[in-house]
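Working notes, beginning with the structure itself.
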Amino acid sequence: MKLNIALLAGDGIGPEVIDQAVKVSDAVAKKFGHEINWTPALTGAAAIDAVGEPYPDETHEVCANADAVLFGAIGHPRFDNDPSAKVRPEQGLLKMRQKLGLFANVRPTFTFPSLIDKSPLKKERIEGTDLIILRELTGGVYFGERGRKDDGNTAFDTMTYQRYEIDRLARKGFEMALKRSKKLCCVDKANVLESSRLWRETVQNLEKEYPEVEVSYEFVDAVAMRLVQWPKAYDVIITANLFGDILTDEASVISGSMGLMPSSSVGSKVSLYEPIHGSYPQAAGKNIANPLATVLSAAMLFEDLNLADEAEAIRAVVNKSLAEGVVTEDLAEGGKSFGTSEVGDWLAANI
Ligand code: IPM
Ligand code: MN
């Protein structure tokens, strides 16, 4: 099979971790007789520096015409403490999600047996955790009306949802639940927010279409608590953009390191695959970042292109590296650690 993949390395540790995912994917392609044509394109602060825009039209063309997009990270500290900056790297990410129609963000959380003691949570609580947070990605407060009034002394952001936006996300959740343990939890704040009440109404209407799925409804504050108390209570969670942003960071530490969790963003056209850890600027250029989340994102990419054996080969080699201690310093517990690129070389060689 010939695969055309857009490669958006982005900022911070993005380029380093992306390089490793490319090495591993090329090794998989070679083993299974595929050919990958990678097309690099600019995003984030790197794109602002080069062309003054965090998601240039040219990059959009590359993404829109690819079979999939592999993405590193976006963000640079020089923009973080400058509220007056007119152009910000994150705007590129939001524009990309919107223009590519990536309305559903799939963020799994699972544990690795060999890393179970790395988690800040007790082993008995987290062992066997396997959940997916399906976050709505192109609506809600991220894209609602915002602004200032009263001479700049009042600011507002609005959480707006249309029924079709909730419906299409929820359907993905139901479909996913059907393939797993048939449990779906709708997470909202329906005791306070009108938009959350529309979520409940929409999801309740869908229950009839998916009678095998057991649906529960929980408030986001309670879920924030239960996620660390008893994550095994959850299987598939569907939730709004901002709630999902917060809960997925929280859930990512269950596995022991934020450097491990992959994600995909899907819509009606091309899908995008990225680690959930972000640009981690303090580590940029030091060859210390953990590449596994990006490598596992590549596994999700193969899986979605119906290349399940290829995806499994990647997961297997990642497990092997963890079991054999071929890990970056975040997982080495003061013991022997390897550089980002050395881990990538080892993975590619062991595919
Ligand atoms: C994420 C990130 C982004 C978000 C930022 C960088 C805009 O935190 O992908 O979770 O809030 O969606
Ligand atoms: Mn986030």
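Counting convention: from 1, in listed order, for ligands and their atoms alike.
Across the listed options R107, R88, H277, E90, R107 owns the non-hydrogen atom lying nearest to atom 1 (C) of ligand 1. With distances taken over non-hydrogen atoms, the option nearest atom 5 (C) of ligand 1 out of L93, L242, I276, L137 is L93.
Follow the hydrophobic side-chain contacts under 4.5 Å out from F110 and you never reach L121; the two are in separate clusters.
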Applying salt bridge (Lys or Arg N to Asp or Glu O under 4.0 Å), run through K286 and E329 and close with a yes or a no.
CA-CA 12 Å; K286 294 189 181 153; E329 64 179 31; over 6 Å; no
Stepwise side-chain hydrogen bond (donor to acceptor under 3.5 Å, both in side chains) check, K95 with Q98
CA-CA 5 Å; K95 192 166 161 197; Q98 200 172 40; over 6 Å; no
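In this structure, R135 forms a cation-pi arrangement with Y142, its terminal cationic atom sitting closer than 6.0 Å to the ring centre and no more than 45° off the ring axis.
Partners of K189 under the side chain to side chain donor-acceptor pair (under 3.5 Å) rule, at least two apart in sequence or in another chain, are D221.
Of the candidates L331, L322, N319, L322 is the only one forming a side chain to side chain contact (heavy atoms under 4.5 Å, CB included) with S114.
Using modelled atom types and a 3.5 Å distance limit, the side chains of N37 and N4 yield a donor-acceptor pair.
In terms of protein heavy-atom proximity, atom 9 (O) of ligand 1 is nearest to R97 NH2, 2.8 Å. Scanning the protein heavy atoms around atom 11 (O) of ligand 1, the nearest turns out to be Y142 OH, 2.5 Å.
Residue D245 approaches ligand 1 through these ligand atoms, each under 4.0 Å from one of its heavy atoms: 1 (C), 4 (C), 8 (O), 10 (O), 11 (O).
Aromatic pair F219/Y217: centroids not less than 6.0 angstrom apart.
Side-chain contact between L193 and W199 is absent, with no heavy atoms from C-beta onward closer than 4.5 Å.
Around the Mn ion (ligand 2), protein N, O or S atoms at a distance under 2.8 Å total 1; waters are neither shown nor counted.
Taking distance alone, with nitrogen or oxygen atoms compared against 3.5 Å, E274 stays at or beyond that limit from ligand 1.
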